[in-house]
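What follows is a single structure, written as structure tokens, with notes after it.
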Number of protein chains: 4
Amino acid sequence: MPRVGMMAIRKDALVNATISEIGRRGSLDVTMGQIAKAAGVSSALAHHYFGSKDHLLLAAMRAILVEFGAAARAELARASTPMERLTAIATASFGGRNFCPDVISAWLTFYVMAQRDPQAARLLRVYQQRLVSNLIHSLRPLTNDAPRIAATAAALIDGLYIRHALADAGPPDAEAATRRVTDYLELAIR
Amino acid sequence: MPRVGMMAIRKDALVNATISEIGRRGSLDVTMGQIAKAAGVSSALAHHYFGSKDHLLLAAMRAILVEFGAAARAELARASTPMERLTAIATASFGGRNFCPDVISAWLTFYVMAQRDPQAARLLRVYQQRLVSNLIHSLRPLTNDAPRIAATAAALIDGLYIRHALADAGPPDAEAATRRVTDYLELAIR
Amino acid sequence: MPRVGMMAIRKDALVNATISEIGRRGSLDVTMGQIAKAAGVSSALAHHYFGSKDHLLLAAMRAILVEFGAAARAELARASTPMERLTAIATASFGGRNFCPDVISAWLTFYVMAQRDPQAARLLRVYQQRLVSNLIHSLRPLTNDAPRIAATAAALIDGLYIRHALADAGPPDAEAATRRVTDYLELAIR
Amino acid sequence: MPRVGMMAIRKDALVNATISEIGRRGSLDVTMGQIAKAAGVSSALAHHYFGSKDHLLLAAMRAILVEFGAAARAELARASTPMERLTAIATASFGGRNFCPDVISAWLTFYVMAQRDPQAARLLRVYQQRLVSNLIHSLRPLTNDAPRIAATAAALIDGLYIRHALADAGPPDAEAATRRVTDYLELAIR
DNA sequence: AATGAATGAGGATTCATTCAT
DNA sequence: GATGAATGAATCCTCATTCAT
């Protein structure tokens, strides 16, 4: 029963379905049919709204990145000291829906997509740069080696992600991952 | 002098072609046809030798892991002090053919494959565990926090890999990556 | 003054859009969506008014044929001698909007449609017969071989159309085409 | 049961199937599946050999054009006087397999295809030019108005084709069509 | 009168895989 | 040992068409 204003609802549903299906199946080889079914619509509608599979994938990626950005901003808002800010960034990285197997899988998948899709690569680089510059900004008052430490911390975060994508033992431990990053940062600025 | 059969030659060619094609195209979406052509044989032969695409992919993965293991052992053989051993591991991680865009892409791809193929996952976990236990072994004389530091260093290595998979600027800088890891290790054991 | 309902306006707009879109894209592969958009309405409305794509195509065809018929009648009304009547028919064939690339393309398309749609075939045959009988009627006073000459002239007209559908050089030259037909007719009745 | 050397056989079969299916269905809307089935192979094989539907269509077009060219040459070889040459051209135009409903339909279809495919347009123009220049060459000794007469005759030939594409009465009458053309030519050079 | 929403059916194309030679 | 031939199954995508509003 078609109602007016379904577009936004359907788009959201499709984006979410994309993420969860990628997560569930653990690969880019999700078909539009699977995604559409998971969203409760026909694959034709998915095309109608997104134009192509790549566009839908990109939209899903963007959604994850946006969500991560929002989480980061929220955490940062509560921080006052530089060190608190650093902890906030680490917490945001592994917090919320970010560190679920679903999203980790999707993340990995996007890295792969970025290998051939310039737009995906751009999107991912924006995320990376934002992460690094957030870190640098907070590190600056604490050390004069901010850029290098930030780069290392960023790589560490990505590495922890990837390692968890492979872990067989239940849900990933966000706290442990966060602590690993903050431990490094504390060590580095001392 | 035992004459090497065609089989071994072809298998090698196919495995190498697999790696380089994955690298060149930057995705799992390499077709058997592409691989076979790159190896100079028919795709039917690839099946004849490997049974299926997944098996060939797995063989390629195994080859990369073996090569990495050999490099690591070679580096370690030249090391005498614990710190030298740690540096050797880092060097091996980013040395040889390991840190070429080709191999990084393939690596990424294998992580994705591991999401759905248990055998691939197992293979990758073996690598991870070996890396970690190598690190632990070398760290033990230097610190009593070896497991944690090793885990962090391993994640850092993986993170540096992934970050380089996305870098747009020419060939990855192996030395810089190595230094980043040794810097962390030195910091951690101090 | 009877106010024309929306229906007539929309139907006209759709028919015109059909012709111009067929012309613009040069093929039957025009979609209802394209036509509807060009007419400034939704594709659902096009269905509402015409029932199906075939019906709309048929209506467009009919419109072209009607327009051609009107042009022919108008030219004929001004003619008094048999030879003037023949010239009038030729002029009408290539005059007005008839000889624009748009309409030529549409014409071609209708010929193709007629291959499978009996109604379209019937429509086209009506046009052909009218053209031939117009020619015969005007030739009768001038020759006793009217039917054959008329048939040849009609084929010549169609042939000139089709040749111009392919010409790459700008807009078709209506005058030259007309002259070619009258030249033949003058030759034939001499 | 795969045998070596099937390629040429299959390609031929597919090209013929393309022509006959276009003819049978009377439109470009023939599917690869229909063509392939008519050729007794899978649609995948058709793609394997021709790369795409457009390429197959083009190949079919080329085949018709080649066949026509061969017929024309054969007829011309038997002609000695200029007038005989002209008759030969007309005969070839409507002779052989050329004037079957199948081929006429295909021909029409190619005209439509030429509206959007530059390669198809080029092919068709080559045919047209060859026809015209053949005519001019043979007309030259007989008149000093060769180009104009040739152009008219060429258009007439195309027109007769198109008119026969629509005729409902059984197989087209090649002789009558030929005579119509030669009648015109005789008239024109007198 | 008019449309956004939605879909089923179908089409081109790709690809891993099999098989006879 | 090696390959050309061949295909079934699957995927993305398009489009005419329907329907509730």
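What you see is a predicted model, and the numbers here were worked out from it, not measured in a lab. In what follows, chains are A, B, ... by sequence order, proteins preceding strands, each numbered from 1.
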Name the closest nucleotide to the [X] side chain, picking from [options].
{"X": "D:Tyr49", "options": "E:dT13, E:dA16, F:dA5", "value": "F:dA5"}
{"X": "C:Ala44", "options": "E:dG4, F:dA2, F:dT17", "value": "E:dG4"}
{"X": "B:His47", "options": "F:dT7, F:dC12, E:dT17", "value": "E:dT17"}

Measure [atom1]/[X] against [atom2]/[N] and give the value in whole Å, please.
{"X": "D:Met7", "N": "E:dT21", "atom1": "CE", "atom2": "P", "value": "20 Å"}
{"X": "B:Leu45", "N": "F:dA5", "atom1": "CG", "atom2": "C1'", "value": "16 Å"}
{"X": "B:Lys53", "N": "E:dT18", "atom1": "NZ", "atom2": "P", "value": "15 Å"}
{"X": "A:His48", "N": "E:dT3", "atom1": "NE2", "atom2": "P", "value": "14 Å"}
{"X": "D:Met32", "N": "F:dA10", "atom1": "CE", "atom2": "C1'", "value": "17 Å"}
{"X": "A:Asp29", "N": "E:dC15", "atom1": "CG", "atom2": "C1'", "value": "12 Å"}
{"X": "C:Asp54", "N": "F:dA16", "atom1": "CG", "atom2": "P", "value": "10 Å"}
{"X": "D:Lys37", "N": "F:dT7", "atom1": "NZ", "atom2": "P", "value": "13 Å"}

Minimum heavy-atom distance between D:Lys53 and D:Thr31, given as atom pair plus value: NZ-CA, 4.4 Å

Where B:His47 and B:Ser52 come nearest, the two heavy atoms and their spacing: CD2-CA, 4.1 Å

Close side-chain approach of C:Leu65 to C:Trp107, heavy-atom, < 4.5 Å: yes

Close side-chain approach of A:Leu14 and A:Lys11, heavy atoms under 4.5 Å: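 With C-beta onward as the side chain, the pair stays apart.
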
Closest-nucleotide 5' rank along DNA chain E - winner of B:Gly51 and D:Gly51: D:Gly51

Pairwise 5' ranking along DNA chain F for B:Gly40 and A:Gln34, keeping only the more 5' one: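 Nearest nucleotide further toward 5': that of B:Gly40.
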
Using Watson-Crick or G-U wobble geometry with both distances under 3.5 Å, which nucleotide pairs with [N]?
{"N": "E:dT21", "answer": "F:dA2"}
{"N": "E:dA1", "answer": "none"}
{"N": "F:dG8", "answer": "E:dC15"}

Partner of C:Leu57 by side-chain contact (heavy atoms from CB on, under 4.5 Å), out of C:Thr109, C:Ile22, C:Val30: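 Passing option: C:Ile22.
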
Categorize [X] for me: base, sugar-phosphate, or nothing, with a 4.0 angstrom heavy-atom threshold over every strand shown.
{"X": "B:Ser43", "value": "base"}
{"X": "B:Thr31", "value": "sugar-phosphate"}
{"X": "C:Phe50", "value": "nothing"}

Any D:Arg10 side-chain N or O less than 4.0 Å from OP1/OP2 of F:dA5: no

